[in-house]
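Scroll down for the structure; my scribbles are underneath it.
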Protein chains: 2
Amino acid sequence: MHCGADARVEVSCRGCALSRICLPARLSPPETRLLEQAVERGRPLAAGASLIHAGRRLQALYVVRGGSAKSIGLSIEGDEQILGFHLPGEVVGLEAFARDLHLCEVVALEPMRFCRIPVRRLEPLMQALPGLRREIIRLLGQSLQEAQRQRSCMGLADARQRLAGFLVDLSRRLEQRGLSARQLRLSMSRRDIANHLALTLETVSRTLSAFKRAGWLAVRLRQIEILQPQALAALSGAA
Amino acid sequence: MHCGADARVEVSCRGCALSRICLPARLSPPETRLLEQAVERGRPLAAGASLIHAGRRLQALYVVRGGSAKSIGLSIEGDEQILGFHLPGEVVGLEAFARDLHLCEVVALEPMRFCRIPVRRLEPLMQALPGLRREIIRLLGQSLQEAQRQRSCMGLADARQRLAGFLVDLSRRLEQRGLSARQLRLSMSRRDIANHLALTLETVSRTLSAFKRAGWLAVRLRQIEILQPQALAALSGAA
DNA sequence: CGGTACGTTGACAAGTTTCAAGGCCAGTGG
DNA sequence: CCACTGGCCTTGAAACTTGTCAACGTACCG
């Protein structure tokens, strides 16, 4: 299935609840107005449906509007690794700029809404709007730093540190979006978390139990309450 | 010390031996001519000297012209991880676009020459030359993919696979630059390799010895000959 | 009320790190 | 020229973390 888009629905970034977080956050009002004209709204996706298919040519960038998604990197041998989880306002698909080809499969974790910016419209806009060009480059640089940070984390941190870091990061990002930093409702399975952190699901489960025993978390399946944020933060940050 | 640059020396990218590998590789001759005017040649650096200081503002992108360098990512807690080794023709400093701030220290591994492209000159050029803009964005996308690939590697691969992958990658990159794909003269120490691969130097040493015993390599300190490239490639690629 | 996917827990095995000792090479000064 | 020193590299044995295999418990959905 091709990711359908209601091409000619009016989109208003300025009126969007995500405008403080999303692409327009650092654009001027006139720039945002011009960007709006290039943005299409996609038809909602069901949980498990693909927003981006690995192997497809880069035709558009996507922005999560509601729900959440995971990026799955596929190596030649067939092993998959989840490279990231995406929350509303986050731009996905940037890595495809390397070869105009998507190497990641992006899959909805729950019913999801999204926006779509075709590159054939983005290109001339980057020419016309220096602010938008800088913003795309900034986002690429940010993704690069995040990937490098995660790379270090995979190398240096043990299971407890990785899981603590995951929870702290998720908590922070949810808080940015106006949700509780304490009460997390995970949209991904233990298997997904384990894959993302390069652990086994058993280790994730055991480590969550250990945090629970230590009084740092209250865990009930995918509903997690952070009781000792500073303990988690110390573990994730301090080697 | 500020990284000195002989600002007004004439630079010719078209006459440079690296032009097939470096930034101009995908630019048109007219675009390359304009780019040349923005490029400065830096004063050679001694081994161990910093090309980029972590914490400094982004003022320029750098290109390795001769010798080699390592990028060291610094986390808050003080642990350092080598994020990559850089050969002639490679652009370094891109990750600073995230916050106009360099988070990596880039250090020469041996006497090194480099070029420098100030961002205040690059900005207007990206505006004027769509090809250069696309090329910078492509390079960012490529760095992002490489960082994600390495992230997966740290997670999924064991010591033998990581080291095999490291050697295969280095061999390929040296070959692109007209050097032997078989005879590698490592410019980095075992400690650096271990740090880069998130292993201990003992494990690197042991694994090299294992490859030697298997008849895959001839190892003499930093001089390495690859005897069975396909064995290394199979190990690095096949999970 | 099963059936199935998800999650938890335990015992054991494997791979890597840690700790410790020793070898090799280059540069230095007697 | 030689011995000495310090950095780099190699190798061995023990300890630890995580993966593997297996069993069991739990929520969700027909």
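Lettering follows sequence order; numbering is per chain, from 1.
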Contact class for [X] vs. all strands (heavy atom < 4.0 Å): base, sugar-phosphate, or nothing?
X: A/S205; result: base
X: B/R222; result: sugar-phosphate
X: B/S209; result: sugar-phosphate

Report each atom pair, protein N/O against N/O of nucleotides 18-22 of chain D, whose distance is under 3.5 angstrom.
from: D/dT18; atom 1: OP1; to: A/A159; atom 2: N; distance (Å): 2.6
from: D/dG19; atom 1: OP2; to: A/T200; atom 2: N; distance (Å): 3.4
from: D/dG19; atom 1: OP2; to: A/T200; atom 2: OG1; distance (Å): 3.2
from: D/dG19; atom 1: OP2; to: A/T203; atom 2: OG1; distance (Å): 2.6
from: D/dT20; atom 1: O4; to: A/R206; atom 2: NH2; distance (Å): 2.8
from: D/dC21; atom 1: N4; to: A/E202; atom 2: OE2; distance (Å): 3.0

Can you check the [X] [atom1] to [N] [atom2] distance for me, whole Å?
X: B/R191; N: D/dT10; atom1: CZ; atom2: P; result: 13 Å
X: B/L217; N: D/dC9; atom1: CG; atom2: P; result: 15 Å
X: A/R213; N: C/dG10; atom1: CZ; atom2: C1'; result: 12 Å
X: B/L163; N: C/dG15; atom1: CG; atom2: P; result: 16 Å
X: A/L156; N: C/dT18; atom1: CG; atom2: P; result: 11 Å
X: B/L201; N: C/dT17; atom1: CG; atom2: P; result: 10 Å
X: A/D192; N: C/dG7; atom1: CG; atom2: P; result: 9 Å
X: A/M188; N: C/dG7; atom1: CE; atom2: C1'; result: 16 Å

Exceeds 12 heavy-atom contacts within 6.0 angstrom, atom [atom1] of [X]:
X: A/R177; atom1: CZ; value: yes
X: A/R172; atom1: CZ; value: yes
X: A/R222; atom1: CZ; value: yes

Taking atom types as modelled and ignoring hydrogens, do the side chains of [X] and [Y] form a donor-acceptor contact shorter than 3.5 angstrom?
X: A/R149; Y: A/Q145; value: no
X: B/H196; Y: B/Q81; value: no
X: A/Q148; Y: A/E146; value: no

* Look at the side-chain N and O atoms of A/R190 and state whether any lies under 4.0 Å from the OP1 or OP2 oxygen of C/dT8. => yes

* Does any N or O in the side chain of A/Q161 come within less than 3.5 Å of the main-chain N or O of A/D158, such that one atom is a donor and the other an acceptor? -> yes

* Asked: Any side-chain heavy atom of B/E95 sitting closer than 4.5 Å to one from B/S143?
  -> no

* Could you run down nucleotides 25-30 of chain D 5' to 3' and tag each one B, S or - for protein heavy-atom contact under 4.0 Å? -> --S---

* To do: Classify the ring geometry between B/H102 and B/Y62 as parallel (under 30°), tilted (30 to 60°) or perpendicular (over 60°).
  => tilted

